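Computed from a prediction, not measured in an experiment: that's the story for all the values here. The chains referred to below are lettered A, B, ... by the order of the sequence lines, with proteins before strands, and numbering in each begins at 1.
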Protein chains: 2
Amino acid sequence: MSASKRDELVHKALEIFYRDGFHSTGMDTLVKETGISKTSMYKHFRTKEDLILAALRLRDEKFRNFIFRRIEELAKTPREKLIATFDVLAEWFEMKDFRGCMFVKASGEYPEHNTPILNTAAEHKNQLIRYLADLARDAGAQDPENLATQILILKEGATVLAHLQGPGKFAKQAKEAAIPLILAACD
Amino acid sequence: MSASKRDELVHKALEIFYRDGFHSTGMDTLVKETGISKTSMYKHFRTKEDLILAALRLRDEKFRNFIFRRIEELAKTPREKLIATFDVLAEWFEMKDFRGCMFVKASGEYPEHNTPILNTAAEHKNQLIRYLADLARDAGAQDPENLATQILILKEGATVLAHLQGPGKFAKQAKEAAIPLILAACD
DNA sequence: TTATACATTTACCGTTCGGTACACCTTTGT
DNA sequence: ACAAAGGTGTACCGAACGGTAAATGTATAA
């Protein structure tokens with residue numbers, strides 16, 4: 001039961017769950033696509049929910065890596081980084097396999113409060129807030145938490161609409177809405 | 001096959017789909033909860049997808065009625081109405097059965113482009129944009145479409161986060177982000 | 001070489017899925 | 001009174017669901 005095999009399973013599961021959804025992807029499909037047997041799959045993951053949680057944790061890590069790394073590459077000052085968030089968002093929307101936010105999808109399919117999947121999704125958003133709040137603090141914002149929350153609201157709204165209506169203009173519109181907020185918050 | 005019976009079925013289906021999701025709600029559950037027989041159900045709706053589409057159309061109508069009516073009740077001038085959008089949003093978030101936007105949920109479970117369900121969800125958002133753009137035009141905005149889009153982005157973001165993290169502060173934060181945008185756009 | 005331990009496969013479990021064939025009403029027109 | 005028409009319920013379809021028991025490798029240690 002090698003750790004790398006498990007990793008491979010989670011990567012593949014993440015890809016398929018993100019593309020097709022959670023309920024509509026059966027364990028038989030995952031087993032077939034990964035080439036493993038069903039019993040082995042259930043040795044690595046006790047239940048389907050365990051596999052979903054592992055996939056969400058991987059997604060959390062990969063997504064934050066991508067966003068944070070690109071922001072750091074695109075901008076130098078904290079204030080510029082806050083704004084660059086929306087340029088990274090535009091890059092994400094344009095990717096050919098973009099299908100919206102995986103955690104929003106998960107919260108739609110498992111909406112019951114205080115369940116592991118919804119909690120994992122909520123925690124992902126907390127991590128984003130924390131990162132943005134740190135940037136806002138470094139940028140000298142009066143109320144870093146508030147500014148971070150507003151930026152996250154714009155990010156989530158743009159993401160939802162980009163998935164529903166196509167990538168078009170939403171990252172740009174969100175950016176144009178964010179800039180005056182950021183400038184006003186940092187004197 | 002009375003029209004009122006069909007209406008009753010759609011209402012009940014909407015309630016259950018919104019609470020539990022689409023894939024995780026079986027036709028057997030719907031049949032049991034409505035007290036009708038399966039054959040009769042399939043006389044009214046050829047497939048499960050037809051029933052989902054009917055539920056989404058009803059949701060579209062009910063949701064827009066609620067939002068637009070409350071906005072008109074809360075504010076008089078077009079500019080005030082744009083702002084009041086976020087007070088109505090706060091009311092929605094506080095409702096005990098609030099579970100986020102049904103069309104976002106639908107787009108998460110049926111993400112394939114150019115399919116009836118995704119198209120219906122996209123059209124719902126178009127209707128909201130159109131209404132907001134009309135208000136923005138009446139309020140004298142330079143670019144009504146842009147302002148409407150930005151307000152919708154804030155609405156969608158606040159909705160997603162309110163579902164994930166609880167109603168708390170998101171309507172208020174979105175409102176505070178929207179006000180300067182609205183004021184700046186209308187001179 | 002053989003016993004042990006563990007990973008893997010095959011074959012299957014009971015349940016639920018979306019959907020349907022068909023017998024059984026009940027109504028309506030004549 | 002009676003037949004045609006159409007809505008209704010029962011009982012069922014094959015497939016897919018999440019999950020498991022038992023057999024079959026296969027590598028290591030004695």
message: Is the shortest side-chain heavy-atom distance between Glu33(A) and Glu15(A) below 4.5 Å?
response: no

message: Is there a side-chain contact between Val88(B) and Phe66(B) in this structure, where contact means two heavy atoms from C-beta onward sitting under 4.5 Å apart?
response: yes

message: Contact between Leu56(A) and His124(A) at the side-chain level, heavy atoms closer than 4.5 Å - yes or no?
response: no

- prompt: When the distance from CE of Met41(A) to C1' of dT8(C) is rounded to whole Å, what number comes out?
  reply: 14 Å

message: Which residues in residues 105-116 of chain A have a heavy atom closer than 4.0 Å to any atom of DNA chain D?
response: none

- prompt: What's the NE2-C1' distance between His44(B) and dG19(C), to the nearest Å?
  reply: 16 Å

message: Measuring centre to centre across the rings, with the benzene-like ring taken for any Trp, is His163(B) within less than 6.0 Å of Phe170(B)?
response: no

statement: Atom NZ of Lys32(A) and atom P of dT8(C) are separated, to the nearest Å, by 20 Å

- line: Per-nucleotide protein contact along nucleotides 17-22 of chain D, 5' to 3', at a 4.0 Å heavy-atom cut-off (B base, S sugar-phosphate only, - neither), is SBBBB-

task: Check whether any side-chain heavy atom of Leu74(A) lies under 4.5 Å from a side-chain heavy atom of Glu91(A), and answer yes or no.
output: yes

message: Rounded to the nearest 0.5 Å, what separates atom OG in Ser24(B) from atom CZ in Arg19(B)?
response: 10.0 Å

query: Is the phosphate of dT9(C), meaning OP1 or OP2, less than 4.0 Å from a side-chain N or O of Ser37(A)?
result: yes

query: For the pair made of CG in Leu30(B) and C1' in dT16(C), what is the distance, rounded to whole Å?
result: 14 Å

message: Whole angstroms only, please: what is the CD1-P distance between Ile36(B) and dG9(D)?
response: 7 Å

Any side-chain heavy-atom pair of Glu112(B) and Leu118(B) under 4.5 Å: no

task: Identify, with sequence neighbours excluded, every residue that meets ring pair (Phe, Tyr, Trp, His ring centres under 6.0 Å) alongside His11(B).
output: none

